Amino acid sequence: MLVYLDEFILIALAHFFAVASPGPDFAIVLKQSVQQGRANALWTSFGVGLGILVHVSYCLLGVALLLSQSETLFTAVKYIAALYLAYLGVQALRYAKPNSEQENITEHAVTESNWTALKRGFLVNALNPKATLFFLSLFTLVIEPTTPSSVQLFYGVYMALATWAWFSFLSLVLSKTTVRQFFRRAGHWFDRGIGVIMLLLAVRLVM
């Protein structure tokens with residue numbers, strides 16, 4: 001394994017900067033942390049981490065190369081992802097009503113199941129074509145063809161765990177009482193902001 005240490009360090013650094021950059025994953029974890037609380041956000045983060053395994057799997061199977069060569073197929077993936085983000089954005093805007101603070105808290109305090117939270121995080125990451133391009137670049141430009149599949153699988157599991165750990169950390173921070181109160185003071189403006197961000201991300205994916 002030490003033979004591949006340099007390759008692993010390069011992958012770990014590239015992945016860190018990619019996962020730390022703001023995007024759909026961050027937006028959905030922020031939304032769930034503020035509106036649903038810590039437990040829900042942690043399950044959402046777990047779903048995001050599982051989504052990474054989808055990208056790793058099709059890269060190992062060579063499907064990523066097919067996506068990169070087929071403009072029609074890749075475009076279809078982009079539109080599916082954009083529609084899902086747009087759906088989340090519209091849902092957020094629907095809740096953006098100028099209620100009192102107590103009404104706003106009550107409205108968003110509807111308990112969401114762990115499965116729903118996990119599924120939301122999973123779909124946001126798995127359908128992200130930017131992640132497709134990132135992993136395609138890693139598995140074609142950074143990881144040598146001679147690297148054993150077992151080692152490549154290790155890279156993938158590491159990135160999934162690192163993603164889960166990063167967004168779990170963000171969930172713990174963003175779900176703190178002081179942070180949630182800060183966003184709740186913004187009330188429906190926070191919902192509107194998140195909704196607009198989701199819609200802009202959807203447009204960005206298509207464009």
Side-chain angles (χ1 to χ4, degrees), residues 1-33 38-71 73-74 77-78 80-81 84-85 114 117-176 179 201 204-205:
M1 188 65 188
L2 291 177
V3 177
Y4 305 102
L5 183 60
D6 290 344
E7 189 174 74
F8 172 72
I9 292 175
L10 184 59
I11 289 171
L13 287 174
H15 175 258
F16 171 77
F17 286 112
V19 77
S21 62
D25 296 336
F26 175 80
I28 197 63
V29 170
L30 170 62
K31 176 179 177 293
Q32 298 305 108
S33 296
R38 177 168 300 175
N40 183 282
L42 288 172
W43 279 101
T44 302
S45 301
F46 184 46
V48 172
L50 288 179
I52 296 293
L53 294 178
V54 173
H55 301 294
V56 172
S57 297
Y58 62 62
C59 283
L60 290 175
L61 294 173
V63 179
L65 186 59
L66 175 62
L67 281 173
S68 68
Q69 297 299 319
S70 174
E71 182 178 351
L73 186 57
F74 188 75
V77 173
K78 284 202 303 182
I80 292 173
Y84 185 66
L85 288 176
N114 295 337
L118 184 149
K119 183 172 61 177
R120 179 178 284 109
F122 174 80
L123 289 175
V124 166
N125 184 274
L127 292 175
N128 187 356
K130 286 182 62 180
T132 300
L133 293 176
F134 172 75
F135 281 93
L136 175 62
S137 300
L138 278 187
F139 279 83
T140 56
L141 301 177
V142 180
I143 300 176
E144 295 292 336
T146 55
T147 301
S149 297
S150 58
V151 176
Q152 295 187 38
L153 179 60
F154 169 78
Y155 294 159
V157 172
Y158 162 78
M159 287 185 283
L161 291 174
T163 300
W164 172 55
W166 170 254
F167 284 108
S168 293
F169 167 74
L170 287 180
S171 298
L172 295 175
V173 173
L174 296 172
S175 62
K176 285 182 176 294
V179 177
L201 287 171
R204 184 181 178 189
L205 285 182

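Bear in mind the structure is a predicted one, so any value in this text is a computation, not a measurement. Heavy-atom basis, side chains included; hydrogens, waters and symmetry copies ignored.
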Set of side-chain hydrogen bond (donor to acceptor under 3.5 Å, both in side chains) partners for [X], sequence neighbours left out:
X	answer
Trp166	none
Asn125	Asp25, His55
Ser33	none

Could you tell me whether a side-chain N or O of Glu7 sits under 3.5 Å from a main-chain N or O of Glu144, the two making a donor and an acceptor?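 Indeed, once roles are kept as given, a pair shorter than 3.5 Å links the two residues.
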Could you check whether any side-chain N or O of Gln152 sits under 3.5 Å from a backbone N or O of Thr147, counting only pairs where one atom can act as donor and the other as acceptor?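 Confirmed, Gln152 side chain pairs with Thr147 backbone.
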Rounded to the nearest 0.5 Å, how far does CD1 of Ile143 lie from SG of Cys59?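 Interatomic distance, Cys59 SG to Ile143 CD1, rounded to 0.5 Å: 8.0 Å.
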Say you draw a straight line from CG of Leu42 to OG of Ser175; how long is it, rounded to the nearest 0.5 Å?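 One finds 6.5 Å between CG of Leu42 and OG of Ser175.
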Can you find a pair of side-chain heavy atoms, one from [X] and one from [Y], that are under 4.5 Å apart?
X	Y	value
His15	Phe134	yes
Leu170	Phe167	yes
Val56	Phe139	yes

List the atom of [X], the atom of [Y], and the distance in Å for their closest heavy-atom pair.
X	Y	value
Gly156	Leu53	O-CD2, 4.2 Å
Ser45	Val29	OG-CG2, 4.0 Å
Leu172	Lys176	O-CG, 3.4 Å

Using the side-chain contact (heavy atoms from CB on, under 4.5 Å) criterion, which residues pair with Val54? Sequence neighbours excluded.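 side-chain contact (heavy atoms from CB on, under 4.5 Å) list for Val54, sorted by chain: Tyr58, Phe122, Ala126.
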Residues in side-chain contact (heavy atoms from CB on, under 4.5 Å) with Leu10, at least two apart?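 Scan of Leu10 (side-chain contact (heavy atoms from CB on, under 4.5 Å), adjacent residues dropped) gives Val142.
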What residues, two or more places apart in sequence or in another chain, satisfy ring pair (Phe, Tyr, Trp, His ring centres under 6.0 Å) together with Tyr158?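 Tyr158 satisfies ring pair (Phe, Tyr, Trp, His ring centres under 6.0 Å) with Phe8 once adjacent residues are dropped.
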